[in-house]
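Down below is the structure, laid out as structure tokens.
Because the structure is a prediction, the values reported are computed rather than measured.
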Amino acid sequence: MTKVYGTGAYDFKRHHVAEYPLELPVDQQQPDSKPALTLSEIQRDRLTKIAAANWLKTGGEAEEDGDGVGKRKKFDLELVKQIYETELKVTQGRKPVPLQRVMVLEVSQYLENYLWPNFDPETASFEHVMSMILMVNEKFRENVAAWLCFHDRKDVFKSFLERVLLLKEGRLLSIAEKTNYLVFMINAFQSLEDEVVSETVLRLASLQSWLSLSYGRFQMELGLNPDLIKKWKRMIKRKQKEAAKRGEIFDPSNSLEAKFVRNLVEEFLVVLDFEVFPQNSSPDEDNVIITGFEHINDAAVLYCERFMEFLIDLLSQLPTRRYLRPLVADLAVVAKCHLSALYRHEKGKLFAQLVDLLQFYERFEINDHVGTQLTDDEVLQSHYERFKDFQLLAFKKIPKLRELALSNIGAIHKRADLSKKLSILFPEELKELVCQKLKLVSDNDPWSKRVDFLIEVMVSFFERQQSQKEAINALPLYPNEQIMWDESVVPSINYSGEGCLALPKLNLQFLTLHDYLLRNFNLFRLESTYEIREDIQEAVPHLLAYINNEGDTAFRGWSRMGVPIKEFKITEVKQPNIGEVKPSSVTAEVTFSISSYKAQIRSEWNALKEHDVLFLLSIRPSFEPLTAEEAEKATVPQRLGLQYVRGCEIIEIRDEEGTLMNDFTGRIKRDEWKPPKGELRTVTVALDTAQYHMDVTDIAEKGMEDIYGTFNILMRRKPKENNFKAILESIRDLMNEYCIVPDWLHNIFLGYGNPSAAQWINMPDLLETVDFKDTFLDAEHLKESFADYQVRFVNHDGTQNLHPRPPFRIKLPRTLKGNSHALPGNKKSSVDSVNDVNMVDAGAEKEILVVETYIPPDPGPYPQDQPKMNSVRFTATQIGAIISGIQPGLSMVVGPPGTGKTDTAVQILNVLYHNCPSQRTLIITHSNQALNDVFEKIMQRDIPARYLLRLGQGEQELATDLDFSRQGRVNAMLVRRLELLNEVERLARSLQLPEDVGYTCETAGYFWLLHVYSRWEQFLAACAENEDKPTFVQDRFPFKEFFSNTPQPVFTGHSFKEDMRAAKGCFRHLKTMFQELEECRAFELLKSTADRANYLMTKQAKIVAMTCTHAALKRKDFLQLGFKYDNLLMEESAQILEIETFIPMLLQRQEDGYARLKRCILIGDHHQLPPVVKNMAFQKYSHMDQSLFTRFVRLGIPYIELNAQGRARPSIAKLYNWRYRDLGDLPYVKEGAVFRRANAGFSFEYQLVDVPDYHGRGETAPSPWFYQNEGEAEYIVSVYIYMRLLGYPANKISILTTYNGQKLLIRDVINRRCVPYDFIGPPSKVTTVDKFQGQQNDFILLSLVRTRFVGHLRDVRRLVVAMSRARLGLYVFCRRSLFEQCYELQPTFQLLLQRPDRLALNLNEATMFTERPVEDIGHPYLVSSVEEMGHIVGDKMNQLYQERIMSYQLHYSVSSVGPQNGAISSTQHDTELEAAEETDGIAVDENLSSQNHIKGEKGVDSSQNFENGAPEIMDETME
């Protein structure tokens, strides 16, 4: 029965893998360093030889190498020491590790096969522990599962972590070792979902850490939190007892918990003071910018940056923040950093940004001990209280500060004023005030002698902070040129994961909802900044800017996305709103000409419309072109001549005559529309008011240039990629609202509390009895679904039913309420997995489940009245998911490939609609394709089409005649209204009444009450007295004439009971008819299309579907219209960005202070690929590609995992089902004929094909990350041609690869070798694995490309997607020696390598039809190389030509008439013969670069001759 899984180490294997370059930036390369490693270099490398002799496993065991080394040697402690000293230890330079050496060791499984199996906590040396630390850090850098191998010995794992914590005792570490140690601690604190790790490291952030606080700070903290005093006393008592037991004297301040973090911080402060600038023995006191390069220690700077990252991580998670924030404040870390020389040094820019981020989190608006967010009023109130107390103290004790004590707070709580007032104190007086009276820092602190430090501490404690809301509202939404090219916040693509960045991270937990939104806001803003920057760098060079004779900027070239501005003027600046300083709006007009463009690009510029975002650029190139040397040193803006960038949003666009274009507001009537005139266009735009205010202030105060007079280029972006502003506005609006998430979801959402608190069994207001409608196909199906219950079928009156038939109503047992890990029927008596949940012991007696059967009422006499029925036989797990989904609360369903996620989702919607007809449900998916899949299946269920609505752009792709867009539904309602009114008139005629009753919906409503319903009531009253007359109903039914046109006679006259049921069915038909008319009435009253569409969306539709992007874009509109919904179902939720999952939960206003949302159903698969994040740094450093679904799984929130796949052959499913807990196969994939038959022409249904170097080359990279492998491309295309020649349909074959470069190369080869020949043609798709997620095909040919490093396929999720796309045949082309070594991929590659690694063909099978069973490999012929495969294909093509020529000659001799259907002309014959010569052996002299590829995926597919009779394998259980 259904298991609901929590999580443990098994569940979340950290895996945000990304690609990174092996090249170092030019300025960082060592003179003797090589740019990249090749496989042959790795194999010749000294480390690889040591690995082969000592720990490497290939082909089952270490093979003999050239030195005659046979079996692996015993563990050698000296070897570990030697490798550490010679290969891993860094003594100079910025980098803490030699990256390439670490990579070689990590790839060879140094940790898994050597360091960890031989780790003994008692005897392990410093070098052994340090080597393990480096390997773990490298795994985190590569974002692969780091703690995975440790879980085979959990007790030793704990001892290892203890050893790490004690590693520094009595030993002096170098700066590089300190950095590596620190990175390990950062990684450990980021892995709190791992039980062993969290148990060990959270001790360091416990209340015991307060033992190291200065006495004054300790008193202050306990005074602020009196509840902790008891806890403190209990802890001290417990520690004393433990010490007494051990026979030791209790010394609280000497324990590891007390001193660990403080020691780390003090060590950091020493490095900051004395090691960053080795020459300076004391920090610089003069507040000047220091620029000397010669005296800075880069490694120490990196250490300081990493330490800031460490403290930020500690203060941005509640479990670590609670007790460590006072420690950071006690040591005044932020103040010391602000005053350090590094903070003001030009090389300390990133450090300074990190210090500011640390200060932000130190002052974060939260109650640390309760975990609640402080409102703006509470923050202000506490600020005033604090200041008032200080003023009282100053008044009583410090006469010099009398003026400060008597001032009003508003006059002195700004930084400058406060500093001025405090500066009148002598240093001794100031020290006494700060250290003894206020106890803000310890007397013993070496910094306490510095006046500037003491004033900084005072000011930062008492000054008024800008509230987070104010800060976010003052931020411009559009990026400007300063942020765009700031590498520490928007890093370039080649971020390798070695350093840290001034970015927030998304991890398991967040402090408050505000913190959550703020981190997402910043990351989303910077990710879109990165994309905008790329677009600017693409568009500007094409313009060929230069300085003309007048000294102005002019343009020689043209750009599709950028056009020179003719005129720019600001037309209106409105007064600020009350309480704000920025203007309420700033409007400008931009005029440009489209005369230089061709028709296609003109139409793109003419298509600009309201709310589109444009960018204003100011370009001023240097007078003389830059020399190569200057260009090398110049920044990107300098090279482009780019001065300023500002964003704006279109209000309206007009043509040369001033006529409004593209108006969707209804100001221009449809029949008055005219095409735009002339070539000049004027756009009215809204500028960003916050940015405008900042710019104008700079002009006034600093005498800066007027930016708005310099714009000379207007740039647009592709509409699909340009929706960032609306999403940022949505997030900002959410930050300005209060308490926005439903109470039942709030804590879970932030990552706290009981993970199963929102599971349905812990929720109030459950559905006691659920009508499952058509979910169960028969009684047997129901019994299978509740196998752990004894099912008892009863009738409505409680008597037993011996011949039960669906539909069924089930009273769900409330006994499950206490068992937080189980769903109905989870009565397992044994636990069958290490990480399994605790199931209830079923005992000997099975509990009884009462199921009520009932006969559904007659739906009506017409065929259209009959309900559409479900035909899917759901598995027990799917039933569990359906039960969870229809109950209130949070339901999480993990759907492995092919397990019927979509069918489960649709059935949840179906049952929900019938059980809660008044509730409204919102469906969200990531892609239009998935939304359409869900929608097409909903239409096949018993939900009236009038209640369905599909919003957004992809609606036109729906495979249906009905239009489900807003406009389409309105039109359908109006058409339906006319049809129904005609029916009403027919009904009136049949009752011999005047026909004007069908004039409007209103008159029809009166007609229903007066004539229809009254007649029915009279009829029922008469029936009650004549139940003994079998023909009574037939004779007296009042609407008999109206129903005279039914396909079958309505009444038989044999039985009163049967006829009465039919009569009620007829009346139900009439009732539905008038109910529909009542629903149409609003469309009569509302006259405008927009009002009708909005009414439909907010009132009429019961199921509304849209993509997550559409939801984020239109949130403001939904709120204005009063959109409401009760349930949210999200498909593909593991592919949706965290923030794009969050926004759809909040598309409605709160009702009386509480959220209306009752159910949230998330369906996805965190073992497949995550959301796409283009910038590697945001993906790797900030974990921006973590979906909410994945985070919930990591947090241990219970989920149901569907466990029967119906897509692929069971043998192919084995390649990926190891990644899931219990994934089996549906019966028909085991028994179906098509799954039992072999693939004709191939010996195996799946195979790994080893592709050696082709023309002496493996992978190549014409440009960075653009990987290609010519050998694999040629091989794959040859195999594709071979399949086509056997008659495999082209639409059943897809070619996938892991890199875009290879995709383009394969398309080139196909265009050259396949497209010219009608009987081959292109395959169904040539695309990347990432793009093919969510799709499937019968046969997949997969190219893995890489031959040096495994690259991003190390992400197991990408492997799962790649292996799970094929139904009948999967052929993987790759370099065996590389991939078989990869630890993460071993379960799959071990299976693949049980078969020959050369392609095995059955050449005696000449067509695609074979009766050979899949187990029979026939007579395999092993293909030795790419060239040989080319020859085989060439011979087959020649053979085909010979046959065609023979048939042509035969036709020609029989008839002298022109070529018959199927014959070929002589010219065609000649070209085909030439083609045969070219294809026999492979043409390799063609230019195969990506530039000449043809992008189209469509081509002529004349494969009908081979497709006749091809087996169509359709299945509706699959996604």
Side-chain angles (χ1 to χ4, degrees), residues 161 164-165 168 181-192 197-225 227-228 231-232 235 252-269 272 304 306-337 354-355 357-371 439-442 445 457 460-461 500 504-505 507-512 515 750-752:
L161 292 171
V164 171
L165 299 185
K168 288 187 168 186
Y181 185 84
L182 191 57
V183 171
F184 182 85
M185 294 312 297
I186 289 170
N187 292 333
F189 276 105
Q190 287 279 305
S191 306
L192 295 183
V197 177
S198 66
E199 198 182 316
T200 311
V201 299
L202 283 181
R203 280 171 32 218
L204 307 175
S206 65
L207 186 57
Q208 280 176 268
S209 62
W210 282 15
L211 288 162
S212 65
L213 289 180
S214 65
Y215 184 65
R217 171 69 65 168
F218 176 67
Q219 283 181 313
M220 182 163 82
E221 290 296 333
L222 283 184
L224 289 170
N225 303 288
D227 302 348
L228 288 176
K231 190 176 177 183
W232 176 265
M235 182 199 77
S253 59
N254 213 20
S255 66
L256 179 72
E257 290 87 344
K259 61 186 185 177
F260 185 84
V261 178
R262 189 176 184 105
N263 287 353
L264 275 182
V265 176
E266 286 173 345
E267 180 183 74
F268 155 72
L269 291 170
L272 182 66
C304 292
R306 281 293 196 183
F307 198 85
M308 286 297 103
E309 179 193 351
F310 174 62
L311 289 183
I312 291 164
D313 284 356
L314 292 181
L315 295 195
S316 60
Q317 294 189 109
L318 204 54
T320 48
R321 172 191 180 86
R322 191 168 273 142
Y323 299 118
L324 292 182
R325 194 187 65 83
L327 187 62
V328 174
D330 187 31
L331 287 161
V333 176
V334 173
K336 288 172 184 174
C337 289
L354 287 161
V355 172
L357 193 55
L358 176 64
Q359 183 176 32
F360 170 78
Y361 274 111
E362 192 190 348
R363 296 169 166 183
F364 197 84
E365 299 165 0
I366 184 176
N367 178 328
D368 290 344
H369 295 279
V370 189
K439 302 185 174 110
L440 294 180
V441 285
S442 164
D445 195 310
V457 170
S460 58
F461 190 74
C500 60
K505 293 179 185 175
N507 196 22
L508 276 175
Q509 299 167 322
F510 298 89
L511 295 176
T512 61
D515 176 40
L750 293 176
Y752 303 111

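K336 places a side-chain N or O within 3.5 Å of a backbone atom of L331 that can act as its donor or acceptor partner. Side-chain atoms of D313 do not come within 3.5 Å of backbone N or O of I186 as any donor-acceptor pair.
Nearest heavy atom pair, residue L211 against residue A258, reads CB-CB, 3.7 Å. Heavy-atom minimum distance, L511 versus D515: N-OD2, 3.0 Å. Nearest heavy-atom pair, Q208 versus S255, reported as atom, atom and distance to 0.1 Å: NE2-OG, 4.1 Å. When all heavy atoms of G216 and K439 are compared, the closest pair comes out as CA-CD, 3.3 Å. Taking each heavy atom of T320 and L314 in turn, the nearest pair found is OG1-O, 2.6 Å.
By the 30° and 60° cut-offs, the orientation of the rings of Y361 relative to F364 is parallel. Aromatic ring pairs are classed by plane angle as parallel below 30°, tilted from 30° to 60° and perpendicular above 60°; the pair W232 and W210 is tilted. Between Y181 and F260, the ring-plane angle classifies as tilted under the 30° and 60° cut-offs.
Side chains of S214 and V441 form no contact here, defined as non-hydrogen atoms less than 4.5 Å apart. Taking 4.5 Å as the limit, every side-chain heavy atom of L192 sits out of range of all side-chain heavy atoms of E199. Side-chain atoms of Q509 and L318, non-hydrogen and from C-beta on, never get closer than 4.5 Å to each other. Contact check for L272 versus C337: side-chain heavy atoms found under the 4.5 Å cut-off. Side-chain contact between V333 and M308 is present, with at least one heavy-atom pair separated by less than 4.5 Å. A 4.5 Å side-chain heavy-atom check between V183 and E309 finds every atom pair outside the cut-off. At least one side-chain heavy atom of L161 sits under 4.5 Å from a side-chain heavy atom of F184. Side chains of L204 and S209 form no contact here, defined as non-hydrogen atoms less than 4.5 Å apart.
With salt bridges taken as basic N to acidic carboxylate O contacts below 4.0 Å, none links R325 and D330.
Between R217 atom CZ and L440 atom CG the span is 6.0 Å, to the nearest 0.5 Å. Between the OG atom of S212 and the NZ atom of K259 there is a distance of 11.0 Å, given to the nearest 0.5 Å. How far CG of L311 is from CD of E362: 9.5 Å, rounded to the nearest 0.5 Å. Atom-to-atom distance recorded for N225:CG and M220:CE is 10.5 Å, nearest 0.5 angstrom. In this structure, the separation between CZ on R203 and CG on L256 is 6.0 Å, given to the nearest 0.5 Å. The CG atom of L354 sits 5.0 Å away from atom CD1 of I312, with the distance rounded to the nearest 0.5 Å.
Residue D368 is tested with R321, R322, R363 for a salt bridge (Lys or Arg N to Asp or Glu O under 4.0 Å); the sole match is R321.
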_Residues V328, V265; criterion side-chain contact (heavy atoms from CB on, under 4.5 Å); working and verdict_ = CA-CA 8 Å; V328 174; V265 176; 5.6 Å; no

*With side-chain contact (heavy atoms from CB on, under 4.5 Å) as the test, would you mind laying out the steps for Q190 and L508 before giving the verdict?*
CA-CA 8 Å; Q190 287 279 305; L508 276 175; over 6 Å; no

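The six-membered or imidazole ring of F310 lies near that of F307, with a centre-to-centre distance under 6.0 Å.
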